[in-house]
Amino acid sequence: MDRSARAFWLTSPGRGELRDTRLPEPAEGEVVVRALFSGVSRGTETLVFRGGVPESQYAAMRAPFQEGDFPGPVKYGYLNVGTVEAGPADLLGRTVFCLYPHQSRYVVPASAVTPVPENVPASRAVLAGTVETAVNALWDAAPLIGDRISVVGAGMVGASVAALLARYPAARVQLVDANPARAEIASALGIEFALPQDAAGDRDLVVHASATEAGLSRALELLAPEGTVLELSWYGDRKVTLPLGEAFHSRRLTIRSSQVGSVSPARSARRTYADRLALSLELLADPAFDTLITGECAFEDLPEAMAGLSTGETTAMCHLVRYDADPRTT
């Protein structure tokens, strides 16, 4: 069996390259996966690419199969979909999702891969990690039937949260973003769109995912008394100033963090990480999620693409990296 592979490495902040690597011989209980697609989680991965991970968060930010250390050289990423070339009979030939960096082929324990449902194209399955973040966020937020909800920030995470909220009975959901072009995303998801200055107020819940100080301040302004902002943005080493004077205390507002690194306490007694990921892949049967994939490149072009994404020269929600043809989309 061919044991050659290529992997994307961040060599130093702002610089990346593809490196040749040799795969280890798979042991019993391991699988060899040939990548079909990987996805660039733009917010987190471009922050890593720029060298913006605070030293205090080096351990917390490690990806499951990361090699190297921050700020670099480091092999980083966690949205990979491929075909099992070798391994247990029940997985052989299956399309699977794995929290693995950008690499053409890799060896991992069989327990580290999750089969992709037959009704989910491999190209869409790269969104599983982001939808998993949205699932965990909604377990944390626990929205109720008929709630008035805004999602501030229509990036990958915010749009994924909005897509799930669109299914809630009688919920009035509005997607808020400073970029008017994101109205097309809201339309594809079947929800309302508003620019920040036009956003509806008196909200029971606001999910914030813009990763900007202005967005978080606006999220607080949109709340009804005793409402909650669920904060999904990660700011790396940036400081954030908030208006916690004015009516923050008299209106008894709440800011609550949510992070996908642990299963929400609301479900951790009854759901595992594997359960959460499998649910996320099931939810991706909805073709509306295709609107979140707005850029694409060949794996060979990833170093240049990542540089463009990190500077804003290239804009994308989820940037798809193509390794091979997906038999379910041709």
Side-chain angles (χ1 to χ4, degrees), residues 39-44 120-121 123-138 140-141 143-224 227-233 258 280 283-296 309 312 314-320:
V40 177
S41 181
R42 187 176 176 217
T44 301
V120 177
S123 56
R124 191 188 305 154
V126 300
L127 295 169
T130 307
V131 173
E132 186 179 16
T133 299
V135 168
N136 207 59
L138 294 182
D140 280 336
L144 300 176
I145 186 170
D147 271 0
R148 297 157 297 184
I149 306 170
S150 292
V151 179
V152 176
M156 278 181 68
V157 172
S160 294
V161 171
L164 299 186
L165 285 171
R167 306 164 180 237
Y168 270 66
R172 286 166 282 179
V173 182
Q174 189 174 74
L175 186 59
V176 180
D177 198 278
N179 183 354
R182 295 289 165 90
E184 297 179 10
I185 294 170
S187 177
L189 298 178
I191 57 177
E192 297 178 8
F193 175 82
L195 296 171
Q197 63 270 25
D198 301 323
D202 205 32
R203 314 305 273 179
D204 301 296
L205 169 68
V206 178
V207 179
H208 179 244
S210 81
T212 66
E213 183 177 299
L216 182 52
S217 296
R218 185 60 176 143
L220 284 169
E221 293 172 350
L222 298 179
L223 286 176
T228 296
V229 168
L230 188 76
E231 176 59 280
L232 296 183
S233 300
S258 178
S280 302
L283 291 167
L284 282 168
D286 186 348
F289 282 102
D290 285 336
T291 193
L292 275 64
I293 300 174
T294 57
E296 182 179 322
L309 288 166
T314 303
T315 58
M317 297 277 283
C318 176
H319 189 85
L320 189 69

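Predicted model only: the values in this text are computed from it and were never measured.
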ask   = Any chance the side chains of Glu231 and Ser233 put a donor and an acceptor closer than 3.5 Å?
value = yes
If you round to the nearest 0.5 Å, how far is [atom2] of [Y] from [atom1] of [X]?
X	Y	atom1	atom2	value
Leu292	Leu284	CG	CG	9.5 Å
Leu283	Phe289	CG	CZ	6.0 Å
Ser217	His208	OG	NE2	8.5 Å
Asp286	Arg124	CG	CZ	7.5 Å
Ser187	Leu175	OG	CG	11.5 Å
Thr130	Arg42	OG1	CZ	13.5 Å

For a 4.5 angstrom cut-off between non-hydrogen side-chain atoms, does [X] reach [Y]?
X	Y	value
Phe193	Arg182	yes
Val206	Thr228	no
Glu132	Val135	no
Cys318	Leu127	yes
Leu138	Tyr168	yes
Leu309	His319	yes
Val229	Leu223	yes

Contacts of type salt bridge (Lys or Arg N to Asp or Glu O under 4.0 Å), residue Glu192, not counting sequence neighbours =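 Salt bridge (Lys or Arg N to Asp or Glu O under 4.0 Å) list for Glu192, sorted by chain: empty.
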remark   = Sorted by chain and residue number, the salt bridge (Lys or Arg N to Asp or Glu O under 4.0 Å) partners of Glu221 (sequence neighbours excluded) come out as Arg218
Would you give me the side-chain donor-acceptor pairs under 3.5 Å for residues 145-166, sequence neighbours excluded?
from, atom 1, to, atom 2, distance (Å)
Asp147, OD2, Leu144, N, 2.9
Arg148, NE, Asp202, O, 3.4
Arg148, NE, Asp204, OD2, 3.2
Arg148, NH1, Asp202, OD2, 3.0
Arg148, NH2, Asp204, OD1, 3.1
Ser150, OG, Arg203, NE, 3.0
Ser160, OG, Met156, O, 2.8

Over all atoms of both residues, closest heavy-atom pair of [X] and [Y]:
X	Y	value
Leu222	Ala200	CD2-O, 3.5 Å
Ala194	Ala199	CB-CA, 3.8 Å
Ser123	Ile293	O-CD1, 3.4 Å
Pro196	Val176	CA-CG1, 3.7 Å
Ala137	Ser258	CA-OG, 3.6 Å
Pro180	Ala178	CD-O, 3.3 Å

task = Check for a donor-acceptor pair, side chain of Ser41 on one end and backbone N or O of Thr44 on the other, with a separation under 3.5 Å.
result = no
